[in-house]
Amino acid sequence: MSMLKDPSSKYRAFPAIDLPDRTWPSKSISEVPIWCSSDLRDGNQSLIEPMDAAKKLRFFKTLVQVGVKQIEVGFPSASQTDFDFVRTLIEDGHIPDDTTIQVLTQAREDLISRTFESLVGAKKAIVHVYNATAPSFRRIVFNQDKAGVVAIAVNAARIIKHLAEQQPQTRWTFQYSPEIFTSTELPFAVEVCDAVLDVWQPTPDNKVILNLPATVEVATPNVYADQIEWFGRHIGRRDSVLISLHTHNDRGTGVAASELGLMAGADRVEGCLFGNGERTGNVDLVNLALNLYTQGIHPGLDFSDIDNVRKVVEECNQLPVHPRHPYVGDLVHTAFSGSHQDAIRKGFSQQDPNGIWEVPYLPIDPADIGRSYEAVIRVNSQSGKGGITYLLEQEYGICLPRRMQIEFSQVVQKETDRLGLEMSAAQIHQLLDREYLQATAPYALKGHRLQEENGTSAVDVEVVSEGESQHWRGIGKGPLEALVAGLPVTVEIMDYSEHAIGAGTYAKAAAYIELRVGGGRALYGVGIDENLTTASFRALFSALNRALAQAEAQAA
Ligand code: KIV
Ligand code: ZN
């Protein structure tokens, strides 16, 4: 068994739709569709272990909290758990007034009756009936001709209308799906749907939902859009119909298909959170909603705490969400590569908090969906100075001068190569401490005394070297110049900078000095202390010790 040399002997291309005056390609999505979650039905039926009542209720409450107003809660005629769940929702008053539950039924009288039984006492409900309409299903699965398929749909529509009339206390909405719509001849799909509409007699005030499923995704998303636009032009009573999309993701383009379907005139979308559902899943409603959000349109769904929504979904479905999943994956707001980190860091520092979002590589502000900025930048062996600098700044208030960023990133790189692992902010900080703040050999600064008079500084320092105490004295125009004058070796200071860490009583000073000893390589030192002069002296000793250690290593 292997891939065919000529796949055309086994598979054929999906034919293009004859719609030369298609209008959808020049449209954009400007209106928010009606969202319908099918997590508790299509999503649930695809799980290795379908949800129990407690999980379904938890999921339902999360959907309500997010703001989904139409929720397909199950297939009550096919499952006792689903039947009981619908009863619990109704009897225990879990359905808010602005939320409508939806249930699915096959187009059979006994199953439709059982479905209506499950809905007794509901204030509002959508009854969703379907039958297969595609030629392969007519031939292979049901051995039905077109007339037989229309008869099944019409008969079911009549039964539904009749039973709804018997339960007038509920406000009913009817929904019909020509299953495998995408593989159904378009004129036939319209014929079946028109026949159903003839029975249900919808009006603009009491619309029927015609749900057009890509039960199996079989073509590029533009084909689906053509099918939706064609259907919208040919269906009768268009003003009394809500066209609903229901895409699956077999070719990995379920989101694109739904988006193009909306451009083609659809009013509603059915899908599941994070794309759970049969096989490759249903379209991901979160993805669709946040795609709209990042175009400046509020989707009417709230994912301000997306991680909590994911937690509920993962626990109820017992399926993990992939770390690269759009918007929600653990790694999707994270940059490892040095050039990306650099750009993101610059983007954050230049971003106007009230302006249009322009941070490179981040299509959404992670904070809008409850993600923290700390998670944005992570450091591994591919990372450069940008990420390291960002983490030290964000987590420890340490702002390395530019050339030191480059120097320290090489130190970090060596460590990540050695460990073969990502480094956390704490590990990077430890490395900075080890490499710079603890650079105390050959000379450890033990204390200093400073006298200043008429713009001249005199410095006395106590130093321990190889266990011996030494005393150095120097005089200069400022404390640092005085210290340099007192050193037993000649150094050139190439760069000096300082800044405060924190504020108020707990503020500290950080000082950075780059120096050269005897014309060798310039190296940085860092000093941190409550006192600025002490910090700068420590920085000088740190740089001196590193430079001397390096010179010694080179000589050896
Ligand atoms: O994918 C599908 O066709 C369905 C129908 C029942 C709407 O889930
Ligand atoms: Zn489906």
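Remember, it's 1-based here, ligands and their atoms both numbered in the order they're listed. Predicted, not measured: the structure shown is a model, and the values here were computed from it. Along the sequence shown, residues are numbered consecutively beginning with 1.
When non-hydrogen atoms are compared, ligand 1 lies under 4.0 Å from the side chain of Arg41 (C-beta onward) but not from its backbone. Contact annotation for Asp42 and ligand 1: only side-chain heavy atoms (C-beta onward) come within less than 4.0 Å of the ligand. If you look at Glu278 next to ligand 1, there are no close heavy atoms at all, none under 4.0 Å.
On a distance-only criterion, His248 and ligand 1 share at least one N/O pair closer than 3.5 Å. Below 3.5 Å of separation, one finds an N or O of Thr215 facing an N or O of ligand 1. An N or O contact shorter than 3.5 Å is missing between Glu270 and ligand 1 by distance.
Here is the list of ligand 1 atoms found below 4.0 Å of a heavy atom in Ser177: 7 (C). With ligand atoms numbered from 1 in the order given, ligand 1 contributes 7 (C) to contacts under 4.0 Å with heavy atoms of Asn211. Interface atoms of ligand 1 facing His128, defined by a heavy-atom separation under 4.0 Å, are 7 (C). Close approach of ligand 1 to Pro213 is summarised as follows: ligand atoms under 4.0 Å from at least one heavy atom of the residue are 2 (C), 3 (O). The contact set between ligand 1 and Glu179, taken as ligand atoms under 4.0 Å from a residue heavy atom, comprises 3 (O).
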Stepwise side chain to side chain contact (heavy atoms under 4.5 Å, CB included) check, Ile90 with Ile95: CA-CA 7 Å; Ile90 297 167; Ile95 309 165; 4.1 Å; yes
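If you look at Tyr224 and Trp24, their ring centroids are not closer than 6.0 Å.
Each salt bridge (charged side-chain N to carboxylate O under 4.0 Å, His left out) pair with one or both residues in residues 244-262, not counting sequence neighbours, appears once here: Asp250-Arg279. Listed by first and then second residue, the salt bridge (charged side-chain N to carboxylate O under 4.0 Å, His left out) pairs that reach into residues 176-190 are Arg138-Glu185, sequence neighbours excluded.
With His94 as the partner, the side chain to side chain contact (heavy atoms under 4.5 Å, CB included) test is satisfied by one option alone out of Val73, Thr88, Ile101, Thr99: Thr88. If you run side chain to side chain contact (heavy atoms under 4.5 Å, CB included) between Trp172 and each of Glu165, Lys161, Gln167, only Gln167 comes through. Tested against Leu290 for a side chain to side chain contact (heavy atoms under 4.5 Å, CB included), the candidates Leu285, Asp284, Asp368, Ile306 yield a single pass: Ile306.
Under 4.0 Å is where a charged nitrogen must lie from a carboxylate oxygen, and between Asp110 and Arg114 no such pair does.
One N or O on the side chain of Glu217 and one on the backbone of Thr253 form a donor-acceptor pair closer than 3.5 Å.
Atom CD1 of Ile180 sits about 12.5 Å away from atom CG of Leu212, to the nearest 0.5 Å.
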Please table the atom pairs, donor to acceptor, closer than 3.5 Å between any side-chain atom in residues 190-199 and protein atoms at least two apart or in another chain.
from, atom 1, to, atom 2, distance (Å)
Asp194, OD1, Gly236, N, 3.0
Asp198, OD1, Arg237, NH1, 2.9

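For atom 4 (C) of ligand 1, the closest non-hydrogen atom on the protein side is His246 NE2, 3.5 Å.
Residue-and-atom listing of protein N/O/S atoms under 2.8 Å from the Zn ion (ligand 2), sorted by chain and number: Asp42 OD2, His246 NE2, His248 NE2.
A donor-acceptor pair shorter than 3.5 Å cannot be found between the side chains of Gln227 and Thr182.
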